[in-house]
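Beneath this line is the structure, given in structure tokens, with notes to follow.
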Amino acid sequence: MSQPATHNLPNAAPAPLGWDVRRIRGDFPILRETVQGKPLVYLDNAASSQKPRSVIDRVQRYYERENANIHRGVHLLSEKATEEYEHARSKLQHFINAKEAREIVFVRGATEAINLVAMTYGLKNFKAGDEILITNLEHHSNIVPWQMLCERTGAILKVVPINDAGELLLDEFEKLLTEKTKIVAVNHVSNGLGTINPIKWIIDKAHAKGVLVLIDGAQSVPHLKVDVQALDCDFFVFSGHKLFGPTGIGVLYAKAALLEAMPPYQGGGDMISAVTFEKTTYNVIPYKFEAGTPNIAGTIGLGAAVDYLNSICFGGAAAYEHELLEYGTGLLSEIPGLRIVGTAKEKASVLSFVMGEIHPHDIGTVLDLEGVAIRTGHHCNMPLMKRLGLPATARASMAFYNTKEELDVLARALRKVIEVFG
Amino acid sequence: MSELSELYQEVILDHNKQPRNYRKLEGANHHAEGYNPLCGDQITVYLKMDGDKIEDVSFVGSGCAISKASSSMMTGAVKGKTKAEAEAVFEKFHQMVTGKPGTPAPENIGKLAVFSGVCEFPSRVKCASLAWHTLRSAMEGRDETISTEAEEAGDDAHPRR
């Protein structure tokens, strides 16, 4: 088996000499909040990230000064709103280096994007006996839409297994990739464990057999620079709210030729070019997939999030986060009885862990009272938890605005957990 | 008392470490499974009913400290009671854990008052009430697994605050 190329790895970036985390933190108003009378230590970024002032202000400005429906009126506000909405599309295009702006479809989030692909491309092209190849690391959003598609078409879901460290078994992947495989759907970064998957290698292997690839980038775009042309993926999906943008907005990237050939997802206004009772002609891409009045404020806000990331030299974030990960891994390893779950060689800044018999929810509550926000539970990863033999884990997930001092607070709070339950 | 020690009172920590009636009940004539998909908490409640009376009760399962202690103390609270009496205790218990913080615990709730701190933690209400929903299911002789996400238990999701 050939080795996967190291691609987009955080430790491949130069050392984060200039990462001014104090200044960065100043950009995020919520980080000044106190929780339970203690300074907020927000370590639940894999669930949703915080928003910089510029995003909050941009959404507010839209509602205060620019609010109107898009692609409709001839009046000035409508034209202004349309212009800003389409401008956001081009910002997102450049952010992931898509070839054309029309390859960016705005959706509610990664979940809707995957549903869209399954129910348009999948429903049109898959038949009984075809195979959909996912992995044991997937979020429910990259499992359930495919199961629903299997129910409708008779296609079969196949799952790439993982090792105990939380890494994909790539030789198993190669065995499961057959002439029956119609699509590979895999996450770039695992939300539960932080594993960075070798997606470039996966895409190349799949393409060599003529198989399309959908990348769930929900957990990667907040950490790693993504270039969809270099990756050559067919579909790439992500959510705005994990990318320091508003909730309810996300992106489906797909190669233009694929979007052209896909039937529409929902019918309604904006997705048509002409309607009579006898026949409707659909609009061109991407509008064919954007029925109804979209989340205009969210889209413009997401554009502002991309502007923000560009302004802080986002490229340096991965190296800084990797430093946080190494520091946090060291701290947690010293806590008696704590076991880190997910020890892949290539990891994003996610620390999933268990503490012997102490249930993750009890850990979460004790931490909450110390002002520390983490996620506890199955992380929408029930099949992964089953594979690991755990009902749940506690998960601290870092962003580029977190600090080593915050990880010290986390470690102290975890020692308190032991005091209470040990 | 800090909020932490108010939630995790000594009694709760003790029942978590040494749950009472933690076994499969020999001669049980009713049982039901309860599942909290949000936490992964899972319990089975066994009942030995003599007509309308709960002659014996036990449980097994895994879960957080709150759910384990609540299961343990539930068994103690309902043993020897009739179905209607057990229902009445559940009603009071439910009122307490979903009530407004600061409200005094209902009268006659006995040791279960240690769970009054739960109402400060809306996300933990389901942990506390799982055992009781499962008990109800077992008493009614339903053999399906109950879930805290199902309609019956859905009111736990919106505690009155």
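Values in this document were obtained by computation on a predicted structure and should not be read as measured data. Proteins come first, then strands; the chains are lettered A, B, ... in the order of their sequence lines, and each starts at number 1.
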In this structure, CZ of B:R124 is separated from CG of A:D362 (nearest 0.5 Å) by 5.0 Å
Problem - Interatomic spacing from OG in B:S123 to CG in A:D368 - rounded to 0.5 Å - result: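 If I round to the nearest 0.5 Å, the distance is 7.5 Å.
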Decide if atom [atom1] of [X] counts as having more than 12 heavy atoms of other residues, nucleotides or ligands within a radius under 6.0 Å.
| X | atom1 | value |
| --- | --- | --- |
| A:K38 | NZ | yes |
| A:K158 | NZ | no |
| A:R152 | CZ | no |
| A:K416 | NZ | no |
| B:R20 | CZ | yes |
| A:M382 | CE | yes |

task = Please report the C-alpha distance between A:L369 and B:F121 in whole Å, then the side-chain angles of each, then the deciding distance to 0.1 Å, and finally whether the side chain to side chain contact (heavy atoms under 4.5 Å, CB included) criterion is met.
result = CA-CA 10 Å; A:L369 291 168; B:F121 300 84; 4.0 Å; yes
The interface call for A:M385 against chain B, heavy-atom contacts under 4.5 Å, is neither
Under 4.5 Å from any heavy atom of chain B, what part of A:Q36 do you find: side chain, backbone, both or neither?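 For A:Q36, the side chain is the part near chain B, not the backbone.
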Is there a donor-acceptor contact under 3.5 Å linking the side chains of A:H359 and B:D41? yes
Apply the test side chain to side chain contact (heavy atoms under 4.5 Å, CB included) to residues A:H361 and B:I66: give CA-CA distance (whole Å), side-chain angles for both, the deciding distance (0.1 Å), then the verdict.
CA-CA 9 Å; A:H361 274 77; B:I66 303 294; over 6 Å; no
